[in-house]
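Below is one structure, written out as structure tokens, with a few remarks after it.
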There are 2 protein chains.
Amino acid sequence: MQPQATSLAALSAYFKNDYFPLTEKEEQALASRFTERSIKRRAFLLQQDEICQYASFVVRGCFKLYAVDQSGKEHILQFAVENEWVTDLASFYAQKPSGVYIEALEPALVLQIKHADLLDLFTHFHKFDRNFRILVERGYIALQNRILQSISANAEERYQNFLDQHPHLANRLPNTQIASYLGITPEFLSKIRKDRVTKV
Amino acid sequence: MQPQATSLAALSAYFKNDYFPLTEKEEQALASRFTERSIKRRAFLLQQDEICQYASFVVRGCFKLYAVDQSGKEHILQFAVENEWVTDLASFYAQKPSGVYIEALEPALVLQIKHADLLDLFTHFHKFDRNFRILVERGYIALQNRILQSISANAEERYQNFLDQHPHLANRLPNTQIASYLGITPEFLSKIRKDRVTKV
DNA sequence: CTGAAGGCTTAACCTAGTTTAAGACTATTT
DNA sequence: AAATAGTCTTAAACTAGGTTAAGCCTTCAG
């Protein structure tokens, strides 16, 4: 669907606030290449074994990106809310089948761009190469911190850290989803929460 | 030190094989901005609380990038061998104190570029913006796989996976270092290795 | 040649986190 | 309004992996 002006404004503002701001020409280039899509709760942006066709910018709502292991358990790698991107980079850039799911946790609205159109944008507008380099750099740094956490902190410390770094998400998401993100069972998260209360 | 021709040739070949190959002009731009440095075994490229001044390309040797937790334990986030980069991106890009160490596991030779010189390279030669975007994308994908592993696989599976993905490293590194990378104790790795032998 | 320092293994004991199961509570659907 | 499906908690039994400690091998500096 043709994107609404308000959605595009959100994307422009995003670049303006956090990256090299776009010229009018560059904004027009966005407008002609992004499409808008509204997603129902529990609908999928991507399912395992599909090729990730779109990079998606979240205008409204909330998504989880997760993998399912042999025993059928979900493992959440990333949440994405307003003004964040949610894409399986491995599948998107190589255009090969994905190993993950991207699912809406709330009714959502996204702006999407196809892989070929993004490459086209990179080719014609130097600034996008640069802005996306920085964007991925920041993602890389965030991931590295997450690995460090998962290796060196116990469950309670990881939970505390999650609360510190994503206070808004802690209220917005059910504990089952947070537990999956932290790599523990909901039952054990429940115990941690209980122990914290009686401790403090 | 002024880089040797052979080191620069390794860096050029690296871009040629895996990225958009460089023109002669771009290669010259590298030559004037990279410096060569040889590192003794157990010497540090970076220590905690220092600012990561250089992005380092490994010409020869092997490094570990690790963090130390409150109880003094090392947690290895990354190994880097020939034709790989080793840099604390968080510290390097933000030019703020690092939370990690980078230490040589073998006598090593690296090519280094300062943050300002790299930005300069990005500004004057579009191709570096692009090549480094792709480089970080690939690093991002590798990290995401690692997180997935650490969340959803048990120690034995992680070890098997390490052997599959880094067969050369498995012979090159002591098991203590591999254990630290896998997030387990050397004793437990020893047990896994024993169980695998008797199992097969 | 010798001693010190790593590195690898084994084994007994310990603990963080899982599993299973059950009950209460809250949303969503019909 | 009832039915259904998800959510949160508690608790007992269990398991993956950690800790401590000891013994043996190799390497390398003096």
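Within every chain, numbering begins at 1; the chains are lettered A, B, ... in the order of the sequence lines, protein sequences first and strands thereafter.
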#### Entry: Nucleotide of D:dT19, C:dT19, D:dG18 approaching B:K73 most closely (side-chain heavy atoms)
D:dT19
### Query
Side chains of A:E36 and A:S7: do they bring a donor and an acceptor to under 3.5 Å?
yes
## Note on the structure
note: B:L105, atom CG; C:dG6, atom P; distance rounded to Å ~ 15 Å
#### Entry: Angle by which the axis turns from one end of the helix from C:dC1-D:dG30 to C:dT30-D:dA1 to the other, five pairs per end, to 10 degrees
50°
### Minimal non-hydrogen separation, A:D69 against A:H75, with atom names
OD2-NE2, 2.8 Å
### Message
Return the CZ to NZ distance between B:F92 and B:K114, rounded to the nearest 0.5 Å.
### Response
11.0 Å
### Query
C:dT18 phosphate, OP1 or OP2: any side-chain N/O from A:T185 under 4.0 angstrom?
yes
Using a cut-off of under 3.5 Å, enumerate the N/O to N/O pairs linking the protein to nucleotides 28-30 of chain C.
none

### Query
Between D:dG17 atom P and A:N154 atom CG, what is the distance in whole Å?
16 Å
### Query
Is any NZ, NE, NH1 or NH2 atom of the basic residue among A:E156 and A:R196 found under 4.0 Å from an Asp or Glu carboxylate oxygen of the other?
no
### Query
Over how many whole Å does the gap from A:I184 atom CD1 to C:dT19 atom C1' extend?
15 Å
Would you tabulate the pairs of protein nitrogen or oxygen atoms and nucleotide nitrogen or oxygen atoms of nucleotides 8-15 of chain D closer than 3.5 angstrom?
unit_1, atom_1, unit_2, atom_2, d
D:dC8, OP1, A:N175, N, 3.4
D:dC8, OP2, A:N175, N, 3.1
D:dC8, OP2, A:T176, N, 3.4
D:dT9, OP2, A:S190, OG, 3.2
D:dT9, OP2, A:R193, NE, 3.4
D:dT9, O5', A:S190, OG, 3.2
D:dA11, OP2, A:K194, NZ, 3.4

#### Entry: B:F132-B:W85 aromatic ring centre distance below 6.0 Å
yes
### Summary
Joining Ile, Leu, Val, Met, Phe, Trp and Tyr whenever any side-chain heavy atoms lie under 4.5 Å apart, the cluster holding B:L173 also takes in B:F44, B:Y66, B:V68, B:I76, B:F79, B:V81, B:Y101, B:L105, B:Y159, B:F162, B:L163, B:L169, B:I178, B:Y181, B:L182, B:I184, B:F188, B:L189, B:I192
### Query
Whole-Å distance between C:dA16 P and A:E157 CD?
11 Å
### Message
Quick check: A:Y14 with A:F57 (ring centres under 6.0 Å apart)?
### Response
yes
### Summary
side-chain hydrogen bond (donor to acceptor under 3.5 Å, both in side chains) filter on B:D88, not counting sequence neighbours, yields B:S98
### Message
Applying side chain to side chain donor-acceptor pair (under 3.5 Å) as the test, list every pair that has at least one member in residues 167-177 of chain B; sequence neighbours left out.
### Response
B:K64-B:Q177, B:E82-B:R172, B:E106-B:R172
### Query
Between B:E74 (CD) and C:dG7 (P), how many Å, whole number?
10 Å
### Task
Compute whether any side-chain donor of one residue and acceptor of the other, for B:R158 and B:Q149, lie under 3.5 angstrom apart.
no
